[in-house]
Amino acid sequence: MTHATGYNFAYLDEQTKRMIRRAILKAVAIPGYQVPFGSREMPLPYGWGTGGIQVTAAVIGADDTLKVIDQGADDTTNAVSIRRFFARTAGIATTERTEAATIIQTRHRIPETPLAEGQILVYQVPIPEPLRWLEPRETETRKMHALADYGVMHVKLYEDIARFGRIATTYDYPVLVNGRYLMRPSPIPKFDNPKMHMSPALQLFGAGREKRIYAVPPYTAVKSLDFDDHPFEVQAWDQACALCGATDSFLDEVVTDDKGGRMYVCSDTDYCGRRREAQEAAQ
Amino acid sequence: MYVAVKGGETAIDNAHRLMAEERRGAPATPELSLDQIAGQLGLAVDRVMTEGSVYDRELAALALKQAQGDVVEAVFLLRAYRTTLPRFGASEPLDTAAMAIRRRISSAFKDLPGGQVLGPTYDYTHRLLDFALAEGGDPAPAALAPEPLDAAMPRVADVLGQQGLIEDNPAGDESPGDLTRQPLNFPAGRDLRLQNLARGDEGFLLALAYSSQRGYGNTHPFAGEIRMGNVAVELVPEELGFAIEIGEIAVTECQMINQFKGSKTRPPQFTRGYGLAFGRSERKAMAMALVDRSLRAGELGEDATSPVQDEEFVLAHSDSVEASGFVQHLKLPHYVDFQSELELIRRLRAGKEAAE
Amino acid sequence: MSAPLLRVKDLTRLYGARVGCRDVSFDLWPGEVMGIVGESGSGKTTLLSCLSARLEPTAGSVQYDVRGQGLTDIYIMGEPRRRMLMRTDWGIVHQNPRDGLRMGVSAGANVGERLMAVGARHYGDIRARADEWLGKVEIESERLDDLPLTFSGGMLQRLQIARNLVTHPRLVFMDEPTGGLDVSVQARLLDLLRRLVTDLNLAAIIVTHDLAVARLLAHRLMVMKNGEVVESGLTDQVLDDPHHPYTQLLVSSVLMP
């Protein structure tokens with residue numbers, strides 16, 4: 001693989017990378033706190049992962065192995081596009097195997113295969129502010145974070161239960177990091193929230209358009225908000241994956257015909273594929 | 001048997017090739033040159049330079065060609081390129097009083113030193129489709145003025161300033177911020193606000209400016225002066241210690257003059273709204289000046305109740321590259337989120353049915 | 001009672017050269033209700049804003065008896081502690097209940113918000129407490145999950161009161177709590193307020209231009225004119241035997257019950 005001509009390793013110049021790494025260090029030091037950073041205009045559109053790309057570009061080195069997923073899959077078009085971007089501009093190795101990657105950039109999922117120490121999970125974040133729908137003003141939400149004034153978040157959850165009998169937030173489910181900062185985990189399904197808690201991997205979050213970076217360092221407590229008598233719970237399916245038979249993974253529903261035909265398959269393509277390989281090898 | 005969709009890479013490559021073919025159009029038609037775009041679609045080039053915040057006609061023309069004339073896409077291309085450019089300094093403030101004037105009008109005074117200079121403008125053309133233009137051909141040469149323009153073209157705001165009738169410009173000796181390097185925080189200073197507006201989408205600013213004229217935050221504006229022409233760009237290299245001219249750029253500047261009845265701390269006087277854009281971008285410069293003045297409501301002790309007076313609202317949503325990216329990101333797959341919502345809706349419905 | 005709940009000293013708030021309020025000093029004791037009366041523009045709302053930590057005074061001090069700490073200047077204690085005070089030990093009842101309520105969430109959530117803000121995490125308990133408080137302000141249980149948008153003006157004001165009292169504050173600030181309500185609705189609300197204040201041993205500062213409201217609720221009165229307190233004392237004394245000419249004018253212009 002060769003570097004695309006005319007650009008620095010991993011596209012960004014070293015000064016910019018240093019600026020981003022400083023923001024990352026600050027974010028790691030204050031888990032869950034949103035650090036403003038001088039987000040650059042990238043050759044990919046805002047909203048398509050520019051925050052994640054800048055974070056990855058700032059931490060990636062020549063000997064890293066990168067995995068990129070979107071909706072859990074390595075082969076969705078945006079994942080392909082971002083993986084290619086780094087293959088072109090950094091010439092680094094890429095992989096689809098979760099445990100072989102040193103850096104995993106993701107949109108909307110955490111891999112099913114447990115992460116290990118030394119791995120970095122980079123999340124693409126569209127809206128970093130967990131209080132945004134309750135308070136549109138940045139000046140006010142920053143103050144609310146500073147004062148840990150989070151009661152209003154529980155008001156929303158209360159209202160869900162009063163109206164629907166359950167908490168009706170299914171993805172981008174708010175969490176409290178290290179007992180202090182309220183954080184949006186990005187639009188991952190709440191199914192993935194428990195994986196964030198005390199994860200051995202470093203979790204970095206980049207919001208390019210909103211110009212914020214935040215982090216969950218390894219082995220940090222991440223608590224999904226709930227009530228004592230309405231505890232946080234994750235989605236469960238009545239079906240198993242139609243391809244690999246998994247019953248413990250997040251399933252995508254696939255419409256197979258226009259007569260109500262449906263099947264369920266793992267959203268994590270690597271996990272699913274490897275399980276099937278193992279099953280074939282066993283036969 | 002269902003097999004998960006594969007082959008994203010090939011599909012993307014093929015989509016790119018198809019796009020290139022569409023861009024080229026019918027092979028029998030001659031291809032556009034950058035000179036043609038820069039020369040004959042000049043106003044589009046000016047807008048792309050302004051919102052792309054790079055003064056380079058050739059690159060802007062290339063961006064327009066590559067984007068098939070989609071201005072927002074062209075601005076995005078130029079911005080992404082701009083990110084990679086090294087920066088070796090900041091210029092001295094432009095001296096627009098010393099502009100080589102091509103157009104200069106004031107709606108506040110009938111006549112003034114230097115006079116009204118119409119220059120190239122559509123203002124008084126009748127908007128009739130010109131079928132002769134479809135045929136092509138060279139236009140009749142423009143008439144030359146019998147004498148050169150006055151050497152002295154004082155800015156209208158400066159004329160008013162001599163009598164203390166308009167607020168002074170802030171001293172501005174501190175170096176301005178750069179929101180492409182540092183994230184914008186609120187409240188933003190006027191320097192960052194103006195930078196944001198200069199880069200902001202013309203359509204968005206136009207609509208906001210218009211809203212201020214229709215009663216959503218009236219600023220009682222007069223087009224004090226609009227001037228367009230070339231100005232020198234000067235830089236002080238560290239090793240020299242004095243300013244040298246590194247080139248000229250064409251800009252359009254608009255100074256809005258706004259009525260102000262005074263407050264507890266300020267006497268009644270006119271206030272300013274400022275707009276500046278690359279090339280001939282008069283609509284943009286005027287809209288920018290109106291929005292700039294509207295955003296000063298808080299500073300001037302005016303009641304800020306309309307969208308155009310709300311700094312967070314205006315500055316956070318003015319950028320077409322940000323807006324376009326985020327609106328269009330909805331095209332990306334969201335099946336995981338959607339699946340989660342689908343599951344919830346089914347559960348809620350099941351719960352409701354069970355209850356009934 | 002060894003210390004006052006609130007100690008106000010030489011409180012002044014200027015708007016440029018104009019006086020909002022000037023040189024106001026008084027002590028408020030636990031369980032005491034102070035009425036501030038005067039015509040509109042007399043500075044009573046400015047004073048209330050300064051007292052309730054919503055408008056920084058130009059000069060003077062407001063000290064509050066913080067639990068476990070004694071008298072503490074509310075403008076020096078810092079915003080985190082001030083906010084905590086405002087959502088636990090204090091209540092603020094706005095004239096327009098819409099300013100003090102979240103109109104987009106249910107009555108129960110409105111009442112429960114303060115509990116959640118100080119850490120309550122049991123949905124059932126929060127709901128039960130909200131329900132109990134709706135009962136205390138005479139709103140039927142079946143309205144618990146309704147949005148305030150569907151409530152009448154009197155109900156909204158009672159809901160706002162419940163939302164404030166759920167954390168058992170020691171001090172409540174009220175700005176024209178009966179303003180904008182029909183006379184019959186006013187009477188019912190006044191009755192309710194008087195009962196709650198007594199039952200809960202609440203201290204309160206009530207701004208009103210209505211002397212009947214002041215007579216019914218306040219133990220003591222301050223009469224304000226042009227930003228200054230021109231007369232103060234026990235309510236009955238001030239109203240039955242006014243000394244200052246302005247108070248005399250104020251009292252004589254109202255038909256007393």
Side-chain angles (χ1 to χ4, degrees), chain A residues 6-8 11-13 19 36-43 45-48 50 70-73 75-81 84 107-109 126 136-139 164-166 168 170-172 187-191 209 211-212 235 237 242-243 250-254 256 263 265 267 269 272, chain B residues 1-12 15 76-86 178-187 310-313 316 319 321-345 347-348 351-352 355:
Chain A
Y7 293 110
N8 193 35
Y11 186 76
L12 293 175
D13 62 276
M19 176 273 293
F37 80 112
S39 177
R40 300 295 191 250
E41 266 147 338
M42 301 298 286
Y46 279 127
W48 298 54
T50 54
D70 189 338
Q71 316 294 301
D75 52 14
T76 41
T77 43
N78 200 45
V80 168
S81 164
R84 258 189 182 189
R107 180 168 169 266
H108 295 194
R109 276 310 310 277
R137 259 160 225 293
E138 180 74 15
T139 37
F164 309 116
R166 68 182 66 236
T170 58
Y171 62 93
D172 217 342
I188 58 171
K190 64 178 179 179
F191 179 88
R209 191 178 40 76
K211 303 168 182 61
R212 295 288 184 274
Q235 294 104 325
W237 284 260
L243 300 179
F250 188 91
L251 300 179
D252 281 340
E253 180 175 339
V254 180
T256 50
M263 64 186 293
V265 296
S267 107
T269 49
C272 191
Chain B
M1 181 63 194
Y2 170 81
V3 186
V5 190
K6 283 265 178 195
E9 302 218 15
T10 324
I12 292 174
F76 179 17
L77 287 167
L78 203 55
R79 290 268 194 93
Y81 176 78
R82 182 187 189 275
T83 294
T84 67
L85 297 176
D178 181 354
L179 58 80
T180 69
R181 301 278 117 179
Q182 295 296 322
L184 189 60
N185 284 325
F186 298 109
D310 183 333
E311 181 181 80
E312 273 204 51
F313 178 81
D319 194 283
V321 178
E322 290 177 3
S324 164
F326 201 53
V327 165
Q328 297 202 62
H329 106 283
L330 291 173
K331 291 181 284 192
L332 287 177
H334 283 79
Y335 11 95
V336 167
D337 306 351
F338 186 72
Q339 188 63 51
S340 300
E341 293 288 88
L342 204 56
E343 191 253 2
L344 174 71
I345 296 275
R347 247 169 223 264
L348 293 180
K352 194 151 198 244

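First the proteins, then the strands, lettered A, B, ... as listed; each starts at 1. Owing to the predicted nature of the structure, the values given are computational and were not obtained by experimental measurement.
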For this session: Take Arg209(A) and His329(B) through the side chain to side chain contact (heavy atoms under 4.5 Å, CB included) test and state the conclusion after the steps.
Result: CA-CA 12 Å; Arg209(A) 191 178 40 76; His329(B) 106 283; over 6 Å; no
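- If you measure heavy-atom distances from Phe191(A) to chain B, you find no contacts under 4.5 Å at all.
- Contact of the His334(B) side chain with the Arg107(A) side chain is registered, since non-hydrogen atoms from C-beta on lie closer than 4.5 Å.
- The heavy-atom pair separating Pro183(B) from Pro36(A) by the smallest distance is CG-CB, 3.6 Å.
- Glu312(B) places a side-chain N or O within 3.5 Å of a backbone atom of Glu138(A) that can act as its donor or acceptor partner.
- If you tally non-hydrogen atom pairs under 4.5 Å between each of Ala323(B), Pro333(B), Ser324(B), Ala80(B) and chain A, the highest count goes to Pro333(B).
- Most heavy-atom pairs under 4.5 Å with chain B, from the set Ser81(A), Gly165(A), Pro187(A): that is Pro187(A).
- Only the backbone of Pro136(A) comes within contact range of chain B, with at least one heavy atom under 4.5 Å from a heavy atom of that chain.
- Within 6.0 Å of the CZ atom in Phe326(B), the count of heavy atoms belonging to other residues, nucleotides or ligands exceeds 12.
- For chain B, the option among Pro189(A), Ala73(A), Gly72(A) with the highest count of heavy-atom pairs below 4.5 Å is Pro189(A).
- Contact of Lys352(B) with chain A is not made at all, since no heavy-atom distance falls under 4.5 Å.
- For the options Asn185(B), Leu77(B), Leu184(B), Asp310(B), heavy-atom pairs under 4.5 Å to chain A are most numerous at Asp310(B).
- Atom CD of Glu341(B) is separated from atom OG1 of Thr170(A) by 3.5 Å, given to the nearest 0.5 angstrom.
- Under a 3.5 Å cut-off, the side chain of Gln71(A) and the backbone N or O of Val336(B) do form a donor-acceptor pair.
- Arg166(A) places no side-chain N or O within 3.5 Å of a backbone atom of Leu344(B) that could act as its donor or acceptor partner.
- In this structure, the separation between CZ on Arg347(B) and CZ on Phe164(A) is 15.0 Å, given to the nearest 0.5 Å.
- Here the straight-line distance linking atom CG of Leu332(B) with atom OG1 of Thr76(A) works out to 9.0 Å at 0.5 Å rounding.
- Atom OG of residue Ser340(B) and atom CD of residue Gln235(A) lie 4.0 Å apart, to the nearest 0.5 angstrom.
- Using a cut-off of 4.0 Å between Lys/Arg side-chain N and Asp/Glu carboxylate O, Lys211(A) and Glu322(B) are scored as salt-bridged.
- For the set Thr139(A), Asp70(A), Thr50(A), the count of heavy-atom pairs under 4.5 angstrom toward chain B peaks at Thr139(A).
- With chain A as the partner, the residue from Phe313(B), Tyr81(B), Phe76(B) showing the most heavy-atom pairs under 4.5 Å is Phe76(B).
- When side chains are defined from C-beta on, Trp48(A) counts as touching Gln328(B), because their heavy atoms get closer than 4.5 Å.
- Taking OH from Tyr335(B) and CD from Glu253(A), the interatomic distance works out to 14.0 Å, rounded to the nearest 0.5 Å.
- Comparing His108(A), Arg212(A), Met42(A) by heavy-atom pairs within less than 4.5 Å of chain B, the highest count is held by His108(A).
- Contacts between Ser267(A) and chain B at a heavy-atom distance below 4.5 Å involve the side chain alone, from C-beta outward.
- Scanning both residues, Gln339(B) and Leu251(A), for their nearest heavy atoms gives CG-O, 3.3 Å.
- Atom-to-atom distance recorded for Arg181(B):CZ and Ser39(A):OG is 11.0 Å, nearest 0.5 angstrom.
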